[in-house]
Protein chains: 4
Amino acid sequence: MPVHPATLFSIATGSPEPIYRQLVEQVRRMCASGQLRPGDGMPSVRDIAQALALNPMTVSKAYSLLEMEGVLARRRGLGMVVADAAPAAPGDRAELLRPTLERAALEARQLELDPDTVLSLFATILKEST
Amino acid sequence: MPVHPATLFSIATGSPEPIYRQLVEQVRRMCASGQLRPGDGMPSVRDIAQALALNPMTVSKAYSLLEMEGVLARRRGLGMVVADAAPAAPGDRAELLRPTLERAALEARQLELDPDTVLSLFATILKEST
Amino acid sequence: MPVHPATLFSIATGSPEPIYRQLVEQVRRMCASGQLRPGDGMPSVRDIAQALALNPMTVSKAYSLLEMEGVLARRRGLGMVVADAAPAAPGDRAELLRPTLERAALEARQLELDPDTVLSLFATILKEST
Amino acid sequence: MPVHPATLFSIATGSPEPIYRQLVEQVRRMCASGQLRPGDGMPSVRDIAQALALNPMTVSKAYSLLEMEGVLARRRGLGMVVADAAPAAPGDRAELLRPTLERAALEARQLELDPDTVLSLFATILKEST
DNA sequence: GTGGTCTAGACCACA
DNA sequence: GTGGTCTAGACCACG
């Protein structure tokens with residue numbers, strides 16, 4: 001039985017990032033990190049939509065994209081499950097964070113900031129955002 | 001005399017980031033890092049648009065935003081120049097990096113990664129990308 | 001006595017074609033081609049559902065449709081049998097293929113292919129797939 | 001300048017195939033057959049929607065899928081164009097029809113039809129559907 | 001019960 | 001002008 005949707009997802013409605021994309025990326029990360037495993041059942045579109053106060057179509061769009069990516073699979077008439085051919089943790093989970101960190105490093109260089117200054121700031125942010 | 005626009009900016013038209021924002025952020029960073037100094041003249045909207053094959057309205061929008069921010073100023077008859085009122089964050093340039101780092105921290109948490117692991121990876125990336 | 005269901009049908013649960021329709025079409029073709037003859041007994045819904053790991057309702061739906069079409073008939077106490085009233089198209093079995101061929105013709109036109117080229121390719125495929 | 005949408009597409013609203021998918025496949029075929037070439041501009045979502053009496057979102061969904069496939073590319077603020085990296089005619093255009101023809105051949109075999117009968121019927125359909 | 005499709009109409013970001 | 005996103009609500013196909 002799936003986890004309660006409202007505890008599974010956290011949506012920032014004010015974010016510039018579209019809601020359906022926030023959902024897609026959270027599911028992708030949860031699969032990659034092993035919080036969701038192949039065969040696990042996902043909450044129904046309607047449950048998620050109600051729990052997060054979204055339109056079902058928005059949730060459905062996220063599910064459709066995840067199905068096209070091969071992250072989820074449809075069991076017709078039964079709902080979505082995590083796909084068997086799971087794009088699971090590829091060796092090192094931390095590598096999934098590399099693109100984001102590389103972008104940050106690029107900006108830091110463009111600002112001509114000292115690496116130690118940047119690392120110190122990042123450490124603060126990482127710990128305060130518990 | 002302004003630098004040639006094509007060498008000053010690097011625009012990725014295929015990027016998901018809007019063109020006008022790429023322009024804004026590049027100018028902001030160049031001001032913050034001292035590559036552009038108060039009083040420096042900026043290329044005209046026309047020159048940039050032609051050199052980078054952009055819609056002049058796009059360039060104009062970027063200039064307008066930078067003017068509202070106080071980074072650039074209009075000098076009648078001369079075009080845009082870098083504003084005197086030092087737009088460069090005098091106290092802490094590193095704060096400009098905070099949003100990017102916060103996003104990285106969010107992703108790290110969703111991946112359930114240990115802060116030390118993340119910091120260590122970031123340190124590596126920061127140093128290798130000379 | 002009915003053939004064992006698992007050898008009688010081949011179901012692709014992952015196919016975009018609905019399961020009940022796969023069942024319906026396989027039975028229809030087997031009747032049309034004479035593999036199933038009037039009076040032959042069909043496996044029970046339960047047997048098929050268990051053998052193919054399907055929802056019994058799905059099998060039942062297929063049987064109901066086939067009964068409405070006149071392909072199968074209910075014999076009380078005996079289950080479903082192939083109907084006497086020869087559901088097999090006596091005159092022209094080939095007409096059952098018409099919808100599929102019409103779709104192929106539509107695609108050929110959209111690809112602006114020469115009819116003779118298409119016919120030649122189809123002839124090759126028809127003969128090689130013994 | 002793009003062709004008039006109503007002459008470019010033919011939609012069967014009564015078909016079981018979703019409208020957005022009909023659009024996707026028609027564009028794919030027109031790219032493959034060379035009727036649409038890299039760089040060609042596509043009609044706007046609104047134009048197509050009005051010409052075919054569809055909801056703009058339906059057309060937009062088709063365009064989005066084609067963009068994800070790499071068939072079309074977005075020129076922000078300007079509309080969609082046929083992508084440079086066009087999945088153009090791979091050697092033989094007729095090969096694009098092969099999957100459909102193979103399916104038809106499979107059904108013909110299941111019906112135990114004579115190849116010549118099938119070919120003759122197909123020839124009739126191909127020519128009458130001018 | 002499940003997800004999929006479509007419509008109608010609003011608002012936003014971008015060029 | 002362009003496409004993108006979201007909502008509200010209806011209907012359908014499938015199991």
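Order of the sequence lines fixes the chain letters, A, B, ..., with proteins taken first and strands second; residue numbering starts at 1 for each chain.
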Those residues that, when tested against R76(D), pass salt bridge (Lys or Arg N to Asp or Glu O under 4.0 Å) (two or more places apart): none

Residue met sooner reading DNA chain F from 5', once T58(A) and R75(D) are mapped to nucleotides: R75(D)

Residue whose closest nucleotide on DNA chain E lies nearer the 5' end, L54(B) versus M57(D): M57(D)

Nearest-0.5 Å distance that lies between atom CG in L72(C) and atom SG in C31(C): 6.0 Å

Atom pairs and distances, donor-acceptor, side-chain atoms in residues 11-18 of chain A, under 3.5 Å, two or more places apart:
| from | atom 1 | to | atom 2 | distance (Å) |
| --- | --- | --- | --- | --- |
| S15(A) | OG | E17(A) | N | 2.9 |

5′-ward residue of the pair K61(C)/V45(D) relative to DNA chain F: V45(D)

Partner residues of Q110(B) under the side-chain hydrogen bond (donor to acceptor under 3.5 Å, both in side chains) criterion, sequence neighbours left out: R29(A)

Where chain A begins and ends its contact with DNA chain F, read 5' to 3' at 4.0 Å from heavy atoms: dT5(F) to dG15(F)

Please set out all donor-acceptor pairs under 3.5 angstrom arising from side-chain atoms of residues 53-68 of chain A, sequence neighbours excluded.
| from | atom 1 | to | atom 2 | distance (Å) |
| --- | --- | --- | --- | --- |
| N55(A) | OD1 | M57(A) | N | 2.7 |
| Y63(A) | OH | P43(A) | O | 2.6 |
| S64(A) | OG | S60(A) | O | 3.1 |

Given DNA chain E, 5'-ward residue of the pair E17(B) and R21(D), judged by closest heavy atom: R21(D)

Sugar-phosphate, base or nothing in reach of N55(C), heavy atoms under 4.0 Å: sugar-phosphate

Dot-bracket encoding per residue of DNA chain E, Watson-Crick/G-U cut-off under 3.5 Å, | denoting interstrand: ||||||||||||||.

Sugar-phosphate, base or nothing in reach of R46(D), heavy atoms under 4.0 Å: base

Sugar-phosphate, base or nothing in reach of I19(D), heavy atoms under 4.0 Å: sugar-phosphate

Considering only distance and modelled atom types, tabulate donor-acceptor pairs under 3.5 Å from the side chains of residues 101-108 of chain D, sequence neighbours left out.
| from | atom 1 | to | atom 2 | distance (Å) |
| --- | --- | --- | --- | --- |
| E102(D) | OE2 | R98(D) | NH1 | 3.4 |
| R103(D) | NE | E107(D) | OE2 | 3.2 |
| E107(D) | OE1 | T100(C) | OG1 | 2.8 |
| E107(D) | OE2 | T100(C) | OG1 | 3.4 |

Q35(B): partners by side-chain hydrogen bond (donor to acceptor under 3.5 Å, both in side chains), with sequence neighbours left out: S33(B)

Which residues share a salt bridge (Lys or Arg N to Asp or Glu O under 4.0 Å) with R75(B), sequence neighbours left out: D84(B)

